[in-house]
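For reference, the structure is listed below as C-alpha cells.
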Amino acid sequence: MPEANPVERWQADLEETGELTPEIVERISRVHGDRGVRAIEAVGENRVKAYRDFTIVVGYEDEYIVEDGGCTCKDSEYNLDADDPTEQCWHALAVAIARRVGHVDYHDMWYSEVRELL
C-alpha cells in the first residue's frame with residue numbers, strides 16, 4: 001500500500017483524535033500555510049454551516065459552497081492545482097477539519113431558501 005500523503009495523514013489523525021491538538025494544528029499549518037491557519041480560525045469561529053443541499057463556509061466577503069473537496073471561491077478556481085492535495089483553499093480545508101472534529105453548524109433547511117432571504 002502506498003504511503004499516505006501529508007494531507008491524508010493529518011486527516012486520519014484528526015479523525016482518530018476528534019480534536020485539534022497542538023500537534024495537528026502545527027501540521028495543518030505547515031502543510032497548508034496561511035490557508036490552514038484561516039481554516040482553523042473559521043472552524044473555531046463556527047463559520048462552517050451545513051444545509052440540506054450544500055455545505056457553506058462564511059468567508060470574509062461572501063459565503064462559499066464546498067462540495068466534494070471543491071469550492072466556489074476564486075482561489076480554487078484560479079490559483080490551485082487540483083492534482084496536488086496540499087493545494088486546497090481555506091474554505092475546503094475548514095470543511096474537512098470541521099467534519100472531523102464535529103464542529104459543523106447544521107441547519108435543517110435548504111441553503112437556496114436562505115439565499116432568497118439575503
Side-chain angles (χ1 to χ4, degrees):
M1 181 168 169
E3 186 176 322
N5 68 49
V7 176
E8 292 170 332
R9 284 195 296 272
W10 72 251
Q11 288 178 345
D13 290 346
L14 192 55
E15 186 89 30
E16 184 178 317
T17 63
E19 65 180 326
L20 281 164
T21 64
E23 295 80 17
I24 294 173
V25 167
E26 192 276 325
R27 283 176 38 213
I28 292 170
S29 300
R30 186 171 6 99
V31 171
H32 299 286
D34 240 15
R35 291 182 180 112
V37 172
R38 285 182 174 179
I40 292 166
E41 288 171 355
V43 171
E45 294 169 357
N46 206 31
R47 292 192 281 137
V48 178
K49 318 269 183 206
Y51 296 88
R52 291 180 186 168
D53 45 357
F54 298 114
T55 301
I56 302 298
V57 176
V58 179
Y60 300 114
E61 297 176 16
D62 203 354
E63 295 183 347
Y64 301 94
I65 298 171
V66 178
E67 287 186 289
D68 301 322
C71 182
T72 59
C73 75
K74 300 279 187 224
D75 196 24
S76 282
E77 188 174 349
Y78 297 113
N79 299 329
L80 304 176
D81 179 358
D83 295 329
D84 184 348
T86 64
E87 288 197 18
Q88 297 177 40
C89 70
W90 68 266
H91 313 105
L93 290 169
V95 170
I97 294 166
R99 285 184 176 155
R100 286 172 174 80
V101 297
H103 205 75
V104 177
D105 185 15
Y106 289 99
H107 298 272
D108 189 20
M109 60 192 306
W110 300 100
Y111 181 68
S112 55
E113 294 171 345
V114 173
R115 289 301 289 180
E116 289 172 7
L117 298 173
L118 299 177

To the nearest 0.5 Å, tell me how far [X] [atom1] sits from [Y] [atom2].
X	Y	atom1	atom2	result
Lys74	Leu80	NZ	CG	13.5 Å
Ile24	Arg9	CD1	CZ	13.0 Å
Cys73	Tyr78	SG	OH	11.0 Å
Glu77	Asp75	CD	CG	10.5 Å
Ser29	Asp34	OG	CG	9.0 Å
His107	Ile56	NE2	CD1	10.0 Å

Practice prompt. Take the angle between the ring planes of His32 and Trp10 and call it parallel below 30°, perpendicular above 60°, tilted in between.
Written response: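 Aromatic pair His32/Trp10 classed perpendicular.
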Any side-chain heavy-atom pair from [X] and [Y] closer than 4.5 angstrom?
X	Y	answer
Tyr111	Arg52	no
Arg38	Val57	no
Arg35	Gln88	no
Tyr60	Arg47	yes
Ile65	Cys71	no
Ile28	Glu26	no

Worksheet item: Counting only N and O atoms by type, is there a donor-acceptor contact under 3.5 Å from the side chain of Asp81 to the main-chain atoms of Asp83?
Response: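 Side chain of Asp81 to backbone of Asp83, a donor-acceptor pair under 3.5 Å: yes, one is there.
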Worksheet entry | Heavy-atom donor-acceptor pair, His103 side chain to Ala98 backbone, under 3.5 Å |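 No, because the side chain of His103 does not come within donor-acceptor range (under 3.5 Å) of the backbone of Ala98.
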Discussion item. Any carboxylate oxygen within less than 4.0 angstrom of a Lys/Arg side-chain nitrogen, looking at Asp13 and Arg27?
Written reply: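 Looking at Asp13 and Arg27, the cut-off is met.
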Discussion item. Does atom CD (Glu45) have a neighbourhood of more than 12 heavy atoms from anything else shown, all under 6.0 Å?
Written reply: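 More than 12 within 6.0 Å, yes.
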Practice prompt. Check Ala94 against Ala39 and note the closest heavy-atom contact, atom names and distance.
Written response: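 Closest approach of Ala94 to Ala39, heavy atoms only: N-CB, 3.5 Å.
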Item to complete: Return the minimal non-hydrogen interatomic distance between Pro6 and Thr86, and the atom names on each side.
Response: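 Residues Pro6 and Thr86, closest heavy atoms: CG-CG2, 4.4 Å.
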Worksheet item: Which of these, Val66, Thr72, Val48, sits in a side chain to side chain contact (heavy atoms under 4.5 Å, CB included) with His91?
Response: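 So, applying the side chain to side chain contact (heavy atoms under 4.5 Å, CB included) to His91 and each of Val66, Thr72, Val48, only Val66 qualifies.
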Practice prompt. Begin from the C-alpha positions of Val104 and Lys49 and carry the test side-chain contact (heavy atoms from CB on, under 4.5 Å) through to its verdict.
Written response: CA-CA 6 Å; Val104 177; Lys49 318 269 183 206; over 6 Å; no
Give the cluster check for [X] versus [Y]: same hydrophobic cluster or not, with ILVMFWY residues linked at side-chain heavy-atom distances below 4.5 Å.
X	Y	result
Val31	Leu14	yes
Trp110	Tyr106	no
Val101	Val7	yes
Tyr51	Val58	no
Val95	Ile97	yes

Worksheet item: Does a donor on one side chain and an acceptor on the other come within less than 3.5 Å for Arg99 and Thr55?
Response: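 Judged by distance alone, the side chains do pair up.
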